[in-house]
Amino acid sequence: MSAPKPQELLKVSHRPPRTGWMDTPVEFRKGTWCYPAKPKSLEVLDLPFPRQWSPEDEDWKLPPNWKEIVLEGLRERLHKFRSLQIFMDVCVRCGACADKCHFFIGSGDPKNMPVLRAELLRSVYRREFTTAGKLLGRMVGARDLDERVLKEWFYYFFQCTECRRCSVFCPFGIDTAEITIIARELLNLLGLNIDWIATPVANCYRTGNHLGLLPHAFKDMVDFCVDEIRNVTGVEVEPTFNRKGAEILFVAPSGDVFADPGIYTFMGYLMLFHAIGLDYTLSTYASEGGNFGLFTSHEVMKRLNAKIYAEAKRLRVKWIIGGECGHMWRVLHQYMDTMNGPADFLEEPVSPITGTKFENARSTKMVHICEFTADLIRHGKLNLDPSRNDHLVVTFHDSCNPSRAMGLLEEPRYIIRNVCRHFYEMPENTIREYTFCCGSGAGLGPDENLEMRLRGGLPRANAVKYVREKYGVNTLACICAIDRAALPALMDYWVPGVSVAGVHELVGNALVLPGEGERTTDLRGNPLPAVAARVEAAAREEV
Ligand code: SF4
Ligand code: SF4
């Protein structure tokens, strides 16, 4: 799918339409919505109403009692999630969140303002569940649920990346991402999901990872990374698979195993574990840290998360390290403990190298690789040569979930400062808990949605452009596999010349492995700065 030229996308009008929001129908314009879930993916998961349909069709082939199903689903969830009831009741329409959503900034569509996005659901809630709404209808912002409303839900709740930026600015802490999660759950009751979510979820359920790859393919890719590490360093790293009795189970997002540039991050993990002699194993069953169940329903999220713990139990490991992933950590920190925890059959994580107790993981027994590595560096356990990253002028994108959902702000920066010598922050209101989303999270990364992704990614790209022009930044580091998949296209479009890297790719470049030969290239095969300088000097002498 090609996208309009940047000059076109920059002509964003934030002027609202002449008609009121309730009277402005949704328009399914190509490039701004995602293909619907394939029936076979829903069937694998035993989700309701699998069928062929398209958002562009007039008839969405809804079950005859669809309204009843949705309203009953909403009633159940209001009862089950107190936060939802509060979020439905307390918004005072102060507008503090209105201009904080990257999709509103990039599209100018008022229904992408968090307050109005929530109102799409809240208006139905008012009508059905409040006395004022029942009696006064539109006068109090209430409206009936009909097919027009349902189509609007599908369009706009799949234009929210559940990034939670808006919630940081709301004086009441209303979390529109949670509202989106519930709205998507209601849509799923009618078989209305998008394929970029449903198929990875079904794959993960069947084979253990989003891509649906079988154990031998997973192992092949890891072996490929091992070969590449040997080529660059001369060192043979030896990961093991499904090894019972290993101390630690390591789970990465599958995007790091299968896709460029994630594989360089994966190589960094393997090199790190080799350097410290960690007793760990990979699993070909829990071969996915990511959890697209989060974008489907609480139930599906729980099912996918359980797989990691079932595997930890089967392999009799002591605890788990998780790789650089976004939503994997949101699920871990916000949901795992009440869904599948506490994981009492595992031990409280203690670093075998430094003796540090990761008390924050006392219940989940799962430690973020950045916490683990930062601790190693702090205790002087890694031999690092940051000059090997001198060709990289780095800035750091706080991925939404690790930053806002788990507060992982300092560890990645601490690592970057120890493995790179040129690091510059983007403007303050675009980083840490105020970070701007990549625009493709929460399952919104397919090609057919490219225009919307580029619009949603504009605020992030603008901040990168600022540091590129001011400091010559050429590398955008991040700790999320979705970011590594989505940001390269965003950079190529808005800020050409900036490449995207995981933090552990930078670690892998700088890490001096015991017994390594002379390194001439980084993990991507680019000449190291010292080597490039030597070649240049030799060429000058020849001339
Ligand atoms: S900031 Fe909070 S209270 Fe204000 S409009 Fe947004 S959601 Fe409502
Ligand atoms: S959660 Fe993120 S994408 Fe969704 S409305 Fe809030 S700012 Fe926008």
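One-based numbering, in listed order, for ligands and for the atoms of each. Starting from 1, each residue takes its place in the sequence as its number. Source: prediction; values computed, not measured.
- Atom 2 (Fe) of ligand 2 has C163 SG, 2.4 Å as its closest protein atom, hydrogens excluded (heavy atom only).
- Those atoms of ligand 2 that come under 4.0 Å of a heavy atom in R164, given as number and element, are 1 (S), 2 (Fe).
- Listed by atom number, the atoms of ligand 2 under 4.0 Å from T161 heavy atoms are 3 (S).
- Heavy-atom contacts of F172 reach the following atoms of ligand 1: 3 (S) (cutoff under 4.0 Å).
- Those atoms of ligand 1 that come under 4.0 Å of a heavy atom in A96, given as number and element, are 1 (S).
- Within the cation-pi definition used here (under 6.0 Å to the ring centroid, within 45° of the axis), R413 does not qualify as a partner of F396.
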Y269 vs H504, ring-ring contact (aromatic ring centres under 6.0 Å, His included): CA-CA, chis, key distance, verdict: CA-CA 6 Å; Y269 305 144; H504 279 77; 5.6 Å; yes
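- Assignment of P171 to the shell around ligand 1 is supported, since a heavy atom sits closer than 4.0 Å.
- C101 SG, 2.4 Å is the protein heavy atom nearest to atom 8 (Fe) of ligand 2.
- The contact set between ligand 2 and H102, taken as ligand atoms under 4.0 Å from a residue heavy atom, comprises 2 (Fe), 3 (S).
- Because its NZ or CZ atom is not both nearer than 6.0 Å to the ring centre of F129 and within 45° of the ring axis, R75 does not count as a cation-pi partner of that residue.
- The pair R122-E119 meets the salt-bridge criterion, with a side-chain N (NZ, NE, NH1 or NH2) lying under 4.0 Å from an Asp/Glu carboxylate O.
- In this structure, R93 contributes its side chain and V115 its backbone to no donor-acceptor pair below 3.5 Å.
- Note on ring orientation: taking the six-membered ring where Trp is involved, the planes of W33 and F28 are perpendicular (angle over 60°, cut-offs 30° and 60°).
- Which parts of ligand 1 touch V115 is read off a 4.0 Å heavy-atom cut-off, strictly below it: atoms 5 (S).
- For the 3.5 Å distance criterion, the side chains of E288 and S254 qualify, holding a donor opposite an acceptor.
- Salt bridge annotation for K465-E469: present, with a cationic side-chain nitrogen under 4.0 angstrom from a carboxylate oxygen.
- Residue contact annotation: C160 places an N/O/S atom under 2.8 Å from atom 4 (Fe) of ligand 2.
- Among all non-hydrogen protein atoms, the one lying nearest atom 5 (S) of ligand 2 is R117 NE, 3.2 Å.
- In summary, the atoms of ligand 1 found under 4.0 Å from a heavy atom of R93, numbered by their order in the structure, are 5 (S), 8 (Fe).
- A donor-acceptor contact under 3.5 angstrom links the side chains of R460 and H397, judged on distance only.
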Side chain to side chain contact (heavy atoms under 4.5 Å, CB included) between Y466 and N462, intermediate numbers included: CA-CA 6 Å; Y466 176 80; N462 261 341; over 6 Å; no
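- Atom 4 (Fe) of ligand 1 has its closest protein heavy atom at C94 SG, 2.3 Å.
- Ionic pairing of R432 and D398 is not present here: no N-O contact between side-chain nitrogen and carboxylate oxygen is shorter than 4.0 angstrom.
- With ligand atoms numbered from 1 in the order given, ligand 1 contributes 1 (S), 5 (S), 6 (Fe), 7 (S) to contacts under 4.0 Å with heavy atoms of C97.
- Taking atom 6 (Fe) of ligand 2 as the reference point, the nearest protein heavy-atom neighbour is C166 SG, 2.3 Å.
- Residue contacts with ligand 1: P114 is excluded, as none of its non-hydrogen atoms falls under 4.0 Å.
- Contact annotation: C170 places an N, O or S atom under 2.8 Å from atom 2 (Fe) of ligand 1.
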